[in-house]
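Notes to accompany the following structure.
This one's a predicted model, so the numbers in the text were calculated from it and none came from an experiment. One is the number of the first residue; the rest follow in order along the sequence. The basis for the numbers below is simple: all heavy atoms, side chains too, and nothing from hydrogens, waters or symmetry mates.
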Amino acid sequence: MTGRSAGRPTIRTICALTGLSTATVSKALRQSPHVRPETRRLVEDAARRVGYATNLHGVQLRTGKTYQIAAILPAPGPDSDEWEGVEYALLLSGLSRAVEHTRYRIALFPVRDDDEALEATARIATNRLADGVVLAGTQPDDARVRLLQDGGLPFVTYGTTHLSPPHPFVDTDNTAVIGRSMARLIAAGHRRAALLNPPAHLSYAVTRLESYRATLAGAGLPFDPALVAHGRLTPGFGRAQVLTLSALADPPTAYVCANEAVALGALSGFAAAGLVHGRDAVIHASDDLNISAYFTPPITTFYLPIARPAALLGDHILRAIAGEPAETLQTLLVPDLIVRSDDRLHP
C-alpha cells in the first residue's frame, strides 16, 4: 500500500504501510519515550502520507493534557517602530519550528508590561491552559518563575534568574561576552569604555553590568557610573547615548552595545558628533540577526543567531514536560566573536 488509502485512514492503515504492530504505532503517535526516534519518524512520515489525523480532543480527555505550550513574550507596542518586532517574530517562529514534529503547538500570550506578564502567567497556571510555559524577559527575582515553581507547571525561561530551586533556562553567556569584549578593549589601550545596556531591571542587564565592573576591577581600572546607560535597545537609544557621552570632558573611546540596533544608532551618533570610528572611538556589539555584517564601517560583534536559543527553548520545554530534572535543562550559549575592525585607535 502506498499513498492514501480509500476511506478514513486509521492506525491499522499505518501498521500496514510500515509493518509495525498496532501497539508500536499507537505509542509512536502518542510521542512515547519508549519508542526509538527512528521508529517514531517512520510512523509520523507514514501518517502524513496517508493523511492520518489524531483525534486530539479524545487524547486530551484521556490524558488531561492540552498539548499547548504557552509562550509569554513581551510584545512590541505601537510605538516600537525601530527594531523590537524583528527579534520577537523570529523567536516565535523558532519556537514553533522546534515543536512542529510533535503534537504540541505554541500558544502565544503577548504582554505589554510586567503586570500583564504576571497576570497571564497566573491565569495559565491556575486554569492549566497549557502543559508548559516559555517565559522571556527575566528579572533576577522573577515573580512569574516563583509562581510557576509553586504551581508545579513545567517551564523554561529565556534568561536566567537568581532564584532557588534551580529551573530550566536558555540564555547567552553574558558574563563571557562582556568579559571578553572588555578584555580585548583594555588590551588595545582603552581605559574608558561605555556600556550601553538593556533596562536595568532585566537579568541580563544585571549580569552584563557585573561582568563589566569585574573586568575593570581585574585590570585595576576605576568604574565610572557616568559611562553606563540603560534603556530600550533601539537605534535611537544608541545615537542619543553617543551624543551625550562624547560631550563629556573625558569621553569614552569605546562603546559596548547590547545589540546591533544600538550599535547602528551609535554609528549614526558618531557621524552626528563628528567622530570617526577607529580614530576617536570604536564599537563592539552583541547581535543575533547578523545585520551588523553590512555596517559601514564594519564593527566587531559577538554573533549568536536567534534560531539557536529558540530551538533550545523548544527542546528544553518538551523535556521539562516529560519530567527531566531542571539541572539538566540549563544552557548558556557563547556567541562567536567576529572581528571586523582593529580595536586600537589610529589617530
Side-chain angles (χ1 to χ4, degrees), residues 31 33 65-66 68-74 91-92 94-95 98-99 102 104 106-107 109 111 114 117-126 128-180 197-214 258 286 288 302 304 306-335:
Q31 305 293 317
K65 291 182 175 292
T66 67
Q68 289 202 124
I69 295 170
I72 305 176
L73 304 179
L91 180 60
L92 183 60
L95 278 172
V99 303
T102 74
Y104 284 96
I106 301 297
F109 289 78
V111 295
D114 293 343
L118 183 59
E119 187 277 330
T121 305
R123 179 158 41 92
I124 293 164
T126 301
R128 282 301 194 264
L129 300 180
D131 299 331
V133 176
V134 177
L135 295 174
T138 56
Q139 301 178 31
D141 182 11
D142 201 305
R144 300 170 303 166
V145 169
R146 286 190 275 106
L147 191 155
L148 291 171
Q149 286 178 324
D150 291 343
L153 186 62
F155 69 96
V156 60
T157 61
Y158 188 20
T160 59
T161 71
H162 293 169
L163 295 173
S164 292
H167 62 81
F169 65 76
V170 176
D171 199 8
T172 300
D173 190 341
N174 286 287
T175 298
V177 168
I178 296 301
R180 192 173 183 187
N197 226 17
H201 68 286
L202 295 176
S203 287
Y204 79 114
V206 174
T207 301
R208 290 170 64 89
L209 180 57
E210 289 174 346
S211 183
Y212 172 82
R213 296 189 67 158
S286 303
D288 50 23
F302 292 82
L304 177 64
I306 201 166
R308 286 185 62 197
L312 281 168
L313 286 166
D315 168 82
H316 285 18
I317 189 57
L318 291 172
R319 289 161 62 189
I321 291 171
E324 192 164 327
E327 291 83 355
T328 65
L329 302 174
Q330 298 178 326
T331 303
L332 288 176
L333 297 169
V334 179

Can you tell me if Arg213 has over 12 outside heavy atoms packed within less than 6.0 Å of its CZ? no
Rounded to the nearest 0.5 Å, the OG1 atom of Thr207 sits from the CG atom of Asn197 at a distance of 9.5 Å
Does Ala136 offer a backbone N or O that forms a donor-acceptor pair with the side chain of Arg144 under 3.5 Å? yes
Say you draw a straight line from OG1 of Thr66 to CG of Asp131; how long is it, rounded to the nearest 0.5 Å? 3.5 Å
Side chain proximity check, Ile106 to Leu92, heavy atoms < 4.5 angstrom: yes
Rounding to 0.5 Å, atoms OH (Tyr158) and OG1 (Thr172) come to a distance of 5.0 Å
Name the one of Thr157, Leu312, Leu333, Leu332 that satisfies side-chain contact (heavy atoms from CB on, under 4.5 Å) with Asp171? Leu332
Excluding sequence neighbours, so at least two apart, what forms side chain to side chain contact (heavy atoms under 4.5 Å, CB included) with Ala176? Asp173
Shortest non-hydrogen contact between Pro199 and Ala205, atoms and distance: O-CB, 3.2 Å
Pairwise distance CD1(Ile178) to OH(Tyr212) - rounded to 0.5 angstrom: 9.5 Å
Once side chain to side chain donor-acceptor pair (under 3.5 Å) is applied, do any residues pair with Thr126, and if so which ones, sequence neighbours excluded? none
Listing, residues 146-153 side-chain donor-acceptor contacts under 3.5 Å, not counting sequence neighbours, or none:
from	atom 1	to	atom 2	distance (Å)
Arg146	NE	Asp141	OD1	3.0
Gln149	NE2	Pro165	O	2.9

Closest approach of Pro198 to Ala258 (non-hydrogen atoms, all atoms of both residues): CD-CB, 3.9 Å
When rounded to the nearest 0.5 Å, the distance separating CD1 of Ile72 from CZ of Arg123 is 8.5 Å
Minimum heavy-atom distance between Ala98 and Ala310, given as atom pair plus value: CB-O, 4.3 Å
Minimal heavy-atom distance between Pro335 and Phe302, with the atoms involved, is CB-C, 3.7 Å
Does the side chain of Pro168 come within less than 4.5 Å of Arg319's, by heavy atoms? no
Backbone N or O of Thr160 within a donor-acceptor pair of the Thr138 side chain at under 3.5 Å? yes
Starting at CG of Leu318, measure out to OH of Tyr104 and round the result to the nearest 0.5 Å. 7.5 Å
Looking at every non-hydrogen atom in both residues, tell me the closest pair between Gln139 and Asp142 and how far apart they are. N-OD2, 3.1 Å
Show the numbers, then the answer: is there a side chain to side chain contact (heavy atoms under 4.5 Å, CB included) between Leu95 and Ile317? CA-CA 10 Å; Leu95 278 172; Ile317 189 57; 5.8 Å; no
Taking Val156 as the fixed residue, which of Val134, Leu329, Leu135, Ile321 is the one that meets the side-chain contact (heavy atoms from CB on, under 4.5 Å) rule? Val134
Distance-minimising heavy-atom pair for Ala130 and Ala70: CB-N, 3.7 Å
